[in-house]
Amino acid sequence: MNIKKIALAVVILALIAAAVYGVMAYRGRQNQALTLYGNVDIRTVNLAFRVGGRLAQLAVDEGDSIRPGQVLATLDDGPYRNALQQAQANVASAQAKLDLQLAGYRSEEIAQVRSQLAQQQAAYNYAESFFQRQQGAWAKRAISADQMDDALTARNQAKANLQAAKDKLQQYQTGNRPQEIASAQADAAQAQAALAQAALDVADTVLLSPSAGTILTRAQESGSMLNAGGTVFTLSLTRPVWIRAYIDERYLAQAVPGSAVDISADGLPGKVYHGKIGFVSPTAEFTPKSVETPELRTDLVYRLRIIVTDADDRLRQGMPVTLRFPSIAGVADAR
């Protein structure tokens, strides 16, 4: 009986010892600084003209460092300058037509219409007087029916001409219709828009650098005919420089956004860069095949993006680096 109790006590003590060892080992692993491996991720931009044409000049070459706003290449702008002059002429023509619509008729034109109205008034007065006389003669049967009809027709024609002259004078005095003015205004606005586009096309024949960086590739040569959007240069941006890495779920607690990370590269012995965690993916993914062994490719990991705060030109695209994270205890102390 004592032997059974002693054996039971030994088993219990062994289980307690194993549990304590496991807890101590787990805490030891958690308090250790985490080391990960990643790659430098520098953003690149494909630079192209927004318009097509003949490539006139390349101002930079592969490997050149450039500043924001620097001229990189130019197109032959002759066709676009011709289009700009045509657009300017169209604007002048449309504006002149609009001014005419707004100004209405000249005083000389109105005076001429008044003179025509006076002539038509005199013609009507004569035709009316002649018709009245013919009516008297018809009453006495001194004229034929045809003569009476001719007098009536002449009087009606003179009346119609007089009314047309009055309407024309009123039109000249009132000016152009609102619809005609609105149409002229729309034509002028359309011409202005075409002029703005033509000026923009001329400006787009000069390719400017959007930011500081280094020319990675030159895809075209002077004299080439380019389509709009065809890549001329590939630019590696100087800033920002990021590190792409992956972390296992077991160590995810140590990947706190904003926490500091030390960065080193085998090709730069003794040089330590500094960074901070900028992004932790909210979803897990399989380990990329390009950076892990076949045994680990089925593991689920979380992608990290570390922003290098003191990057220089020695950090190259795709360069493998080592990342050293603070321990959980250090993170808690920092908080």
Side-chain angles (χ1 to χ4, degrees), residues 47-56 68-69 71 73-132 149-208 210 225-230:
L47 303 180
F49 292 97
R50 288 199 298 187
V51 295
R54 183 178 63 82
L55 185 58
V71 175
T74 56
L75 293 177
D76 178 12
D77 62 355
Y80 294 102
R81 292 200 175 276
N82 293 338
L84 177 61
Q85 292 178 354
Q86 180 64 51
Q88 291 170 338
N90 292 340
V91 167
S93 176
Q95 187 62 45
K97 293 178 180 178
L98 175 60
D99 292 341
L100 284 175
Q101 292 290 337
L102 293 174
Y105 296 94
R106 294 178 298 173
S107 59
E108 296 85 356
E109 293 174 321
I110 297 176
Q112 185 178 6
V113 173
R114 280 202 180 99
S115 177
Q116 294 174 355
L117 175 60
Q119 293 175 359
Q120 295 300 329
Q121 183 69 54
Y124 171 73
N125 292 340
Y126 173 79
E128 177 66 21
S129 175
F130 181 74
F131 174 69
Q132 294 297 333
D149 290 342
D150 291 343
L152 177 61
T153 301
R155 195 279 306 267
N156 291 341
Q157 182 64 47
K159 186 177 181 180
N161 292 340
L162 175 61
Q163 185 60 45
K166 289 180 179 179
D167 293 342
K168 186 174 183 180
L169 178 60
Q170 183 180 4
Q171 175 189 349
Y172 274 49
Q173 289 175 331
T174 304
N176 295 299
R177 290 178 295 179
Q179 295 86 345
E180 294 175 334
I181 295 176
S183 177
Q185 289 174 334
D187 291 341
Q190 186 176 9
Q192 287 286 356
L195 175 61
Q197 183 60 53
L200 181 61
D201 289 343
V202 172
D204 284 340
T205 60
V206 179
L207 181 61
L208 302 177
M225 293 300 297
L226 305 181
N227 294 323

Where is the tightest heavy-atom contact between A127 and A158, given as atom of each residue plus distance?
CB-CB, 3.8 Å

Looking at every heavy atom in both L84 and A199, which two are closest together, and how far apart are they?
CD1-N, 3.7 Å

Measure across A188 and Q95 and return the closest heavy-atom pair with its distance rounded to 0.1 Å.
CB-OE1, 4.4 Å

Exam field: side chain S183 to backbone Q179, donor-acceptor pair closer than 3.5 Å
no

Look up atom CD in Q197 and atom OH in Y80, then write down how far apart they are to the nearest 0.5 Å.
10.5 Å

Decide yes or no on side chain to side chain contact (heavy atoms under 4.5 Å, CB included) for K166 and Q120, but give the supporting numbers first.
CA-CA 9 Å; K166 289 180 179 179; Q120 295 300 329; over 6 Å; no

How many angstroms lie between CG in D150 and CZ in F131, if you round to the nearest 0.5 Å?
12.0 Å

What are the two closest heavy atoms between L75 and V51, and how far apart are they?
CD1-O, 3.6 Å

Under 3.5 Å, is there a donor-acceptor pair between the Q132 and E128 side chains?
yes

How close do V91 and A191 get, heavy atom to heavy atom, and via which atoms?
CG2-O, 3.2 Å

Does a side-chain heavy-atom distance below 4.5 Å link V202 with R81?
yes

I need the minimum non-hydrogen distance between P68 and P210, along with the two atoms involved.
CB-O, 4.5 Å

Hey, are the side chains of L207 and V71 touching, using non-hydrogen atoms and a 4.5 Å cut-off?
no

Find the distance between CD (Q192) and CG (N90) and round it off to the nearest 0.5 Å.
11.0 Å

Side-chain heavy-atom pair L208, V206 within 4.5 angstrom cut-off:
yes

Determine whether L226 and F49 make a side-chain contact, defined as any pair of heavy atoms from C-beta on separated by less than 4.5 Å.
yes

R50 versus L200: any side-chain heavy-atom pair under 4.5 Å?
yes

Indicate yes or no: at least one non-hydrogen side-chain atom of Q88 is less than 4.5 angstrom from one of L195.
yes

Any N161 side-chain heavy atom under 4.5 Å of Y124 side chain
no

With a cut-off of 6.0 Å (strictly less than), are more than 12 heavy atoms of other residues, nucleotides or ligands near CD of Q190?
no

Any donor-acceptor pair under 3.5 Å linking the side-chain atoms of Q86 with those of N82?
no

